[in-house]
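Reading through the structure tokens given below for one structure.
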Amino acid sequence: IVAPISGHFSDQVGSQELSFAGAMMSAIGLFLMAGSFGSGLQATSTPFQIILALSAVGLGTGLFQSPNNNAIMGSVPPAKLGVASALLATVRNLGMVAGTGCATGLFAWKCKTSADFVSALHFTLGTSGVISVGAMIASLGKKRGPHSDPLG
């Protein structure tokens, strides 16, 4: 629901602010689940608490991806859009696979060393939140305002 709206606004105002806001929302959701604000996810968490935290991550992803893709594709010459689109899809999938693998490995390591499922989950979610903060910082390096026409 959010991604098309975010994509439309990125055409109007540029990608920097929306990408930053999206990464911030994702970080907030991840830190909520990790227990950085409150108790985090627990066996006693209510469905509302889980929905709230997952909604923040989903909202953040929707806000972040469209403007980020817009910034990438807007920096590519028109003759190279097909190659850039394929590379973008490949990198996105590679990122999802690598992120899932790293998070699973980190969780398994922490679960083994602490022998506590919840603390391992919190540690992994907190680490993911830190990575989202890195995406916030990286978003500040993007162009402000709408993209200029590379041909004009």
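All residue numbers refer to positions in the sequence shown, counting from 1.
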**Complete:** Excluding Met33, membership of its hydrophobic cluster (Ile, Leu, Val, Met, Phe, Trp, Tyr; side-chain heavy atoms within less than 4.5 Å) reads Leu30, Leu41, Ile50, Leu54, Val57, Phe107, Phe117, Val118, Leu121, Leu125

**Request:** Could you check Ile137 against Phe20 for side-chain contact (heavy atoms from CB on, under 4.5 Å), going step by step and ending with a plain yes or no?
**Result:** CA-CA 8 Å; Ile137 294 167; Phe20 182 85; over 6 Å; no

**Message:** The criterion is side chain to side chain donor-acceptor pair (under 3.5 Å); which residues satisfy it with Ser119, sequence neighbours excluded?
**Reply:** Ser114, Asp116

**Message:** Distance check, rounded to the nearest 0.5 Å: Ser39 atom OG versus Leu32 atom CG?
**Reply:** 10.0 Å

**Request:** Determine whether Phe31 and Leu52 fall in the same hydrophobic cluster, where Ile, Leu, Val, Met, Phe, Trp and Tyr are linked whenever their side-chain heavy atoms lie under 4.5 Å apart.
**Result:** no

**Asked** Short question: side chain of Thr113, backbone of Trp109 - any donor-acceptor pair under 3.5 Å?
**Response** yes

**Test side chain to side chain contact (heavy atoms under 4.5 Å, CB included) applied to Val76 and Leu81, Leu88, Leu87, the passing residue** = Leu81

**Asked** So, does Ser85 use its side chain to make a donor-acceptor pair with the main chain of Gly82 at under 3.5 Å?
**Response** no

**Message:** Checking Gln42 against His122 for the side-chain contact (heavy atoms from CB on, under 4.5 Å) test, could you report, in this order, the C-alpha distance in whole Å, the side-chain angles of both residues, the deciding distance, and whether it holds?
**Reply:** CA-CA 9 Å; Gln42 303 286 332; His122 287 178; 3.1 Å; yes

**Prompt:** Is it the case that one hydrophobic cluster holds both Ile28 and Leu140, taking links as side-chain heavy atoms less than 4.5 Å apart, direct or via other members?
**Reply:** yes

**Prompt:** Does one side chain, of Ser15 or Asn70, offer a donor that lies under 3.5 Å from an acceptor on the other?
**Reply:** no

**Request:** Could you tell me which residues satisfy side chain to side chain donor-acceptor pair (under 3.5 Å) with Thr46, sequence neighbours excluded, listed by chain and number?
**Result:** Gln49

**Item:** Side-chain donor/acceptor of Ser19 to backbone N/O of Gln16, under 3.5 Å
**Value:** no

**Prompt:** So, do Ser139 and Phe64 sit near enough that their side-chain heavy atoms are less than 4.5 Å apart?
**Reply:** yes

**Prompt:** Do you know the tightest heavy-atom contact between Ala120 and Cys111?
**Reply:** CB-N, 3.5 Å

**Asked** Any idea which heavy atoms bring Phe123 and Leu106 closest together, and the distance?
**Response** CE2-CD1, 3.5 Å

**Prompt:** Do Val133 and Met24 have side-chain heavy atoms sitting under 4.5 Å apart?
**Reply:** no

**Message:** Using a 3.5 Å distance criterion without hydrogens, assess whether the side chain of Glu17 forms a donor-acceptor pair with backbone atoms of Gly14.
**Reply:** no

**Request:** Check the hydrophobic clustering (I, L, V, M, F, W, Y; side-chain heavy atoms under 4.5 Å; chains of links allowed) and say if Leu63 and Ile1 are grouped together.
**Result:** no

**Any Met136 side-chain heavy atom under 4.5 Å of Met25 side chain** = no

**Heavy-atom check, side chain of Gln65 versus side chain of Arg92, under 4.5 Å** = yes

**Request:** Quick one: closest heavy-atom pair of Leu18 and Ser6, and the distance?
**Result:** CD1-O, 3.5 Å

